[in-house]
Amino acid sequence: GAVVSQHPSWVICKSGTSVKIECRSLDFQATTMFWYRQFPKQSLMLMATSNEGSKATYEQGVEKDKFLINHASLTLSTLTVTSAHPEDSSFYICSGDLGNYEQYFGPGTRLTVT
Amino acid sequence: AQSVAQPEDQVNVAEGNPLTVKCTYSVSGNPYLFWYVQYPNRGLQFLLKYITGDNLVKGSYGFEAEFNKSQTSFHLKKPSALVSDSALYFCAAGGGGSYIPTFGRGTSLIVHP
């Protein structure tokens with residue numbers, strides 16, 4: 001149980017375009033989902049906390065107008081990278097909170113902006 | 001502010017030998033501690049957690065971790081390493097009313113045949 005999926009797993013886009021990443025909890029309802037960014041050989045950086053039906057809470061230094069997060073249902077959260085630039089290239093990981101201090105992570109999305 | 005330190009970027013161990021991946025933390029109040037494993041180009045998989053109770057926590061795939069309050073440590077251990085254990089391991093800690101954990105930088109475990 002506690003499976004989280006992400007789509008797409010890998011995306012290449014041109015600079016200036018927008019990309020949407022979906023995060024779904026397949027067998028549980030996630031009131032809270034988290035979005036992380038991971039650089040090569042580095043730790044996870046929390047970008048934002050997404051709560052179903054309300055605005056996301058962004059970490060300091062994360063541009064909310066660039067990284068749009070929507071948590072429209074208890075099983076789906078989306079991250080849209082708007083006007084992507086090469087420096088946005090990264091591995092993006094979402095997780096769902098089961099409410100027992102455990103987070104269950106998606107497989108990640110590799111974004112490459114050319 | 002809470003922080004997590006994983007002092008070793010890489011740990012090398014021979015298959016069959018015991019392994020230890022170190023983690024120390026700094027949080028206010030009682031800590032919530034976690035270990036996750038990440039395989040290449042994949043998300044993180046939960047291994048084990050300490051919230052309260054017995055200081056020795058047993059988790060998935062034969063891993064265990066010991067909570068040491070005086071040393072503020074939560075080292076990950078396994079009695080006999082497998083080549084398939086080779087992966088990136090993350091320690092995470094939360095506390096002080098925040099249940100959102102902070103992650104360490106990760107330790108690459110390499111198990112040699």
Side-chain angles (χ1 to χ4, degrees), chain A residues 1-11 21-26 28 30-51 56-60 62 79 90-112, chain B residues 1-11 21 23 25 27 29-53 57 59-60 65 67 74 87-110:
Chain A
V3 179
V4 175
S5 70
Q6 279 185 244
H7 178 79
S9 57
W10 191 19
V11 58
I21 302 170
E22 293 186 348
C23 176
R24 294 181 183 273
S25 56
L26 299 184
F28 68 101
T31 305
T32 303
M33 286 184 170
F34 302 93
W35 286 96
Y36 293 87
R37 183 174 179 178
Q38 185 180 29
F39 293 99
K41 297 185 179 181
Q42 293 191 28
S43 187
L44 280 72
M45 182 192 79
L46 179 64
M47 299 176 65
T49 302
S50 167
N51 292 296
T57 302
Y58 290 82
E59 295 299 302
Q60 190 173 8
V62 178
L79 167 67
S90 192
F91 194 53
Y92 292 88
I93 307 175
C94 71
S95 70
D97 179 13
L98 269 178
N100 59 353
Y101 301 100
E102 293 177 26
Q103 292 184 41
Y104 287 85
F105 288 81
T109 297
R110 173 76 57 193
L111 170 63
T112 301
Chain B
Q2 53 197 38
S3 64
V4 176
Q6 291 181 244
E8 303 153 316
D9 288 338
Q10 184 171 304
V11 170
V21 183
C23 172
Y25 64 89
V27 303
N30 294 320
Y32 314 133
L33 302 164
F34 309 84
W35 276 102
Y36 291 86
V37 59
Q38 184 181 33
Y39 296 97
N41 296 311
R42 301 298 302 274
L44 276 66
Q45 295 179 29
F46 172 82
L47 280 179
L48 51 80
K49 69 180 178 184
Y50 171 85
I51 305 298
T52 185
V57 179
S60 306
F67 168 59
F74 191 58
L88 190 58
Y89 289 81
F90 288 97
C91 179
S98 170
Y99 74 100
I100 302 175
T102 297
F103 284 80
R105 59 185 294 173
T107 298
S108 178
L109 173 66
I110 299 175

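So you know, we letter chains A, B, ... as the sequences are listed, proteins then strands, and number each from 1.
Here the CD atom belonging to B/Gln38 is positioned 5.0 Å from the CD1 atom belonging to A/Ile93, to the nearest 0.5 angstrom. Here OG1 of B/Thr102 is found 11.5 Å from CG of A/Leu44. Values are rounded to the nearest 0.5 Å. One finds the OH atom of A/Tyr104 at 7.5 Å from the OH atom of B/Tyr36 (value rounded to the nearest 0.5 Å).
When each of A/Gln6, A/Arg110, A/Gln38 is checked for heavy-atom pairs under 4.5 Å with chain B, A/Gln38 comes out on top.
Separation of the A/Tyr36 and B/Phe103 ring centroids falls under the 6.0 Å cut-off.
A/Ser43 places a side-chain N or O within donor-acceptor distance of the main-chain N or O of B/Gly104, the cut-off being under 3.5 Å.
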Which is it for B/Leu48 and A/Glu102 under the side-chain contact (heavy atoms from CB on, under 4.5 Å) test, yes or no, and what are the steps along the way? CA-CA 9 Å; B/Leu48 51 80; A/Glu102 293 177 26; over 6 Å; no
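In this structure, chain B has a heavy atom under 4.5 Å from the side chain of A/Thr32, while its backbone stays farther away. At a 4.5 Å heavy-atom cutoff, the contact between A/Thr49 and chain B is made by side-chain atoms alone.
Closest approach of A/Phe105 and B/Leu44 over heavy atoms only: CB-O, 3.3 Å. Scanning both residues, A/Gln103 and B/Pro101, for their nearest heavy atoms gives NE2-CD, 3.2 Å.
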